[in-house]
Engineer: 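Can you read through this structure? Questions will come right after.
Read the numbers this way: they start at 1 and go in the same order the structure lists the ligands and their atoms.
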Amino acid sequence: MNDPLRELYQEVIVDHGRRPRNFRRIEDSNRSAQGFNPLCGDQLRIELRLADGVIEDIAFQGEGCAISQASASLLTQAIKGMRQEQALELFTRVHALLTEGPSSQTPPEALGKLAVLAGVWEFPLRVKCATLAWHTLRSALQGGAAPVSTE
Ligand code: ZN
């Protein structure tokens, strides 16, 4: 990855970490899940409203490091309006990007704005900060009652 791109990625993550989007509650949510990353102390609650298989609204609240907040913020922007199965497919691709790094199966460019998460793969200690929101999303979509832990 060249340096201007890396700088851009860092800028987006810092921006979303400082001013997370969709950081709120959803009064009429019908799915939710909690996630916790004990390694860093990040915690998140994701709420969404699912209607006819479409994620009509999604928001999160929580506290933790900039990467965990930025990842959740980017997630809500990417997922809103998707069908449930599209969201689960995106989970698989983002999870592969974060844990295995960019590859021909998961080229970061194909993930649009979420490509910025590719930069996190270079910092193994921060990967769980970035995957937390995605595991929490999957749990919410699958109706999981138990809180998600990255450990
Ligand atoms: Zn963290």
Engineer: If we only count heavy atoms from C-beta on, is the L117 to I67 side-chain gap below 4.5 Å?
Structural biologist: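 Counting from C-beta outward, L117 and I67 never come under 4.5 Å.
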
Engineer: First locate atom CD1 of I79, then atom CH2 of W134, and finally report the distance between them rounded to the nearest 0.5 Å.
Structural biologist: 4.5 Å

Engineer: Is R31 salt-bridged to E47, cutoff N-O under 4.0 Å?
Structural biologist: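 Between E47 and R31 there is no salt bridge, as every charged N stays at least 4.0 Å from the carboxylate O atoms.
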
Engineer: If hydrophobic clusters are built from ILVMFWY residues whose side chains come within less than 4.5 Å, do L90 and V54 share one?
Structural biologist: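 Per the 4.5 Å side-chain linkage, L90 and V54 are not co-clustered.
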
Engineer: Strictly under 2.8 Å, how many protein N, O or S atoms lie near the Zn ion (ligand 1)? Waters don't count.
Structural biologist: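 Count of protein N, O, S atoms less than 2.8 Å from the Zn ion (ligand 1): 5.
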
Engineer: Counting only heavy atoms not in D52 (residues, nucleotides, ligands), do more than 12 fall under 6.0 Å from its CG?
Structural biologist: no

Engineer: Going by salt bridge (Lys or Arg N to Asp or Glu O under 4.0 Å), name the residues that satisfy it together with E85, two or more places apart in sequence or in a different chain.
Structural biologist: R83

